[in-house]
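Here the structure is a predicted model, which means the values were calculated and not measured.
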Amino acid sequence: MKRVVFLLFAFCMIASSFFACSPYTLISSPTEEHRETRIIHVTAGEVPPSKVLHPLTENELDAIPLASESMSEEALRGIILDFMKLSLTFRWQPTHSFSVTAGTKTEFKKNTVYGGIPYVSAMGNLYKWLPYYDHDTGLLDVAAIGNDPQHVLGNHCASGVHAALSRVSNRLNWYSTAQMFRRNGCIPIGQYEYDEPATDYRSEQIKTTVYTERNGEQTMYRAYALLKPADAVSYYNVNEGHVLLIEECHVTEKDGVIDGNESHVIFDDQTSGTYYAKQEDGTEYQAQNGLRRRISFSKLFEKGYLPWTIPEFAGEDGIESPAAESSLTGDATPEEILSSEIRCNYPVYTVTLSIIDSCGTELYRKEAPLTGTPILREVYSAKGLFSHIFLDKYSDAECRYYLSVRVSTGDVLPVGSGMILPEV
């Protein structure tokens with residue numbers, strides 16, 4: 001949060017040198033006329049009364065610290081687990097009924113309270129919800145998302161764990177369990193041996209049970225016994241795989257032999273299905289499965305799970321400060337802004353465009369989530385995220401644009417600002 005406050009302060013100082021009417025200030029609540037997100041797109045009287053008793057607040061999300069090199073390993077691991085838990089438990093209520101498909105179709109109904117991100121084959125995460133989520137009521141503005149809400153909102157086991165680990169690491173070059181091996185940022189824990197595929201497990205039709213069986217039970221059990229909070233285990237079996245984020249590890253050993261049935265881990269995972277939980281007043285809501293589940297070492301071995309950690313916890317890399325830049329160099333036309341490219345050393349989740357007039361009033365603001373794979377890219381494009389309409393409208397009005405990105409660490413980073421020039 002400190003980095004965000006600093007960046008906003010910096011924006012204010014820069015802008016105040018350009019505006020004659022007043023120092024640069026962002027109004028806290030732009031009029032609905034100029035907003036593209038966080039509007040409830042339903043006819044008056046149709047908005048259901050919110051039943052979410054404890055909506056996710058920005059303060060609650062900001063309470064998870066931003067990772068830094070000065071933090072202890074224990075604190076960094078806590079950041080990962082806290083983000084994962086929040087992603088699985090925050091409460092919300094859709095303004096409209098909608099469905100997602102992950103093998104089977106699951107419907108999320110209006111007037112019903114849910115908990116956690118829905119399971120679907122997509123690359124969503126908590127930060128991509130924010131442009132559509134009302135922190136005061138817990139209402140999710142489904143209509144504002146468009147025709148394909150599941151690919152903005154949903155995630156699967158790999159993208160859920162990736163989002164949590166990416167609060168700390170920028171070395172994770174995978175987007176599914178088929179790519180979870182050393183060169184992609186999954187550093188093996190323990191003394192087990194495996195053959196890293198030339199491409200990935202899927203294309204080479206590799207089962208990770210080959211490796212667990214080759215190493216044997218006790219070698220794998222001793223590797224599992226080294227698991228710490230925020231480490232992971234994953235398997236792949238030709239056509240499907242899964243990944244678990246570890247919370248706790250409990251080992252039962254006698255006479256130098258680990259008991260695989262009694263030894264177990266407690267884990268969090270993004271998975272299908274929901275269960276009924278209760279709010280503070282006793283009303284029920286449908287919560288996402290995957291919080292603090294348990295599996296024995298013997299089941300991990302049988303399934304072919306391989307234990308690993310991120311390079312930052314294996315001593316192979318330090319914690320990098322997030323940095324982002326765009327192809328924009330200052331004053332720009334609408335087309336230059338809309339076709340700009342962004343580079344960042346962490347995954348970029350959303351891009352925000354603001355338009356400020358000469359008196360410091362925010363005329364337009366939109367935060368647009370990025371979708372698609374791979375999760376970590378060399379270049380992120382702003383193309384297709386915003387409309388020409390508003391930029392063209394203000395290009396002759398001595399207005400300035402501000403472009404910023406929300407990255408996986410939680411940081412908001414400025415990537416461009418300047419006057420909006422008319423097209424030649």
Side-chain angles (χ1 to χ4, degrees), residues 72-89 116 119 156-158 160-161 164-165 177 180-182 186-195 201 206-238 240-277 287-310 313-315:
S72 67
E73 182 178 309
E74 181 181 10
L76 293 169
R77 290 177 181 271
I79 290 172
I80 294 168
L81 289 178
D82 287 347
F83 189 81
M84 184 72 176
K85 291 176 185 176
L86 197 59
S87 300
L88 289 170
T89 59
Y119 177 83
H156 53 43
C157 66
V161 170
L165 294 175
T177 53
M180 291 180 181
F181 34 79
R182 174 179 279 278
C186 304
I187 312 303
I189 293 173
Q191 301 302 312
Y192 70 92
E193 298 178 355
Y194 78 107
D195 304 318
Y201 296 133
I206 294 174
K207 298 180 180 181
T208 53
T209 49
V210 171
Y211 307 132
T212 54
E213 291 169 1
R214 180 192 302 173
N215 285 279
E217 287 185 349
Q218 285 301 306
T219 296
M220 295 307 305
Y221 289 172
R222 295 206 172 278
Y224 299 149
L226 297 174
L227 287 163
K228 296 179 181 179
D231 289 335
V233 296
S234 61
Y235 83 89
Y236 195 80
N237 185 14
V238 181
E240 54 92 22
H242 197 53
V243 58
L244 316 176
L245 188 66
I246 305 302
E247 276 204 46
E248 301 171 13
C249 183
H250 301 272
V251 183
T252 298
E253 184 175 357
K254 185 177 181 180
D255 299 329
V257 178
I258 294 177
D259 187 327
N261 293 318
E262 292 297 323
S263 301
H264 65 276
V265 294
I266 305 295
F267 66 90
D268 301 327
D269 68 334
Q270 182 74 49
T271 187
S272 59
T274 60
Y275 66 96
Y276 284 98
Q288 191 68 37
N289 280 336
L291 187 66
R292 287 192 62 81
R293 300 203 292 166
R294 170 176 170 160
I295 187 171
S296 68
F297 282 13
S298 60
K299 289 294 183 182
L300 290 173
F301 178 84
E302 178 185 330
K303 200 70 176 177
Y305 278 101
L306 303 179
W308 52 269
T309 193
I310 58 176
F313 294 156

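Side chain of S296 to backbone of E262: no donor-acceptor contact under 3.5 angstrom is found. Looking at Q288, its side chain does come within 3.5 Å of a backbone N or O of T271 through a donor-acceptor pair. In this structure a side-chain-to-backbone donor-acceptor pair under 3.5 Å is present from T208 to Y236.
Closest of all the heavy-atom pairs between I80 and L245 is CG2-CD2, 3.9 Å. Between W308 and M180, the closest heavy-atom pair is CZ2-SD, 3.8 Å. Of all non-hydrogen atoms in Y192 and N215, the two that sit nearest each other are CA-OD1, 3.3 Å. Pairing each heavy atom of K303 with each of Y235, the nearest pair is CE-OH, 3.1 Å. Of all the heavy atoms in T209 and E302, the pair that sits closest is CG2-O, 3.7 Å. In terms of heavy atoms, S263 sits closest to I258 at OG-CG2, 3.5 Å.
Sorted by first and then second residue, the pairs that involve residues 217-228 and meet side chain to side chain donor-acceptor pair (under 3.5 Å), not counting sequence neighbours, are R222-E253.
Considering D231, L227, I246, L300 in turn, L227 is the only one that fulfils the side-chain contact (heavy atoms from CB on, under 4.5 Å) rule with P307.
H264 is linked by a ring-ring contact (aromatic ring centres under 6.0 Å, His included) to H250, counting only residues two or more places apart in sequence or in another chain. In terms of the side-chain hydrogen bond (donor to acceptor under 3.5 Å, both in side chains) criterion, residue partners of E73 (sequence neighbours excluded) are, by chain and number, R77.
Residues K85 and D268 meet the side-chain proximity criterion, which asks for heavy atoms closer than 4.5 Å.
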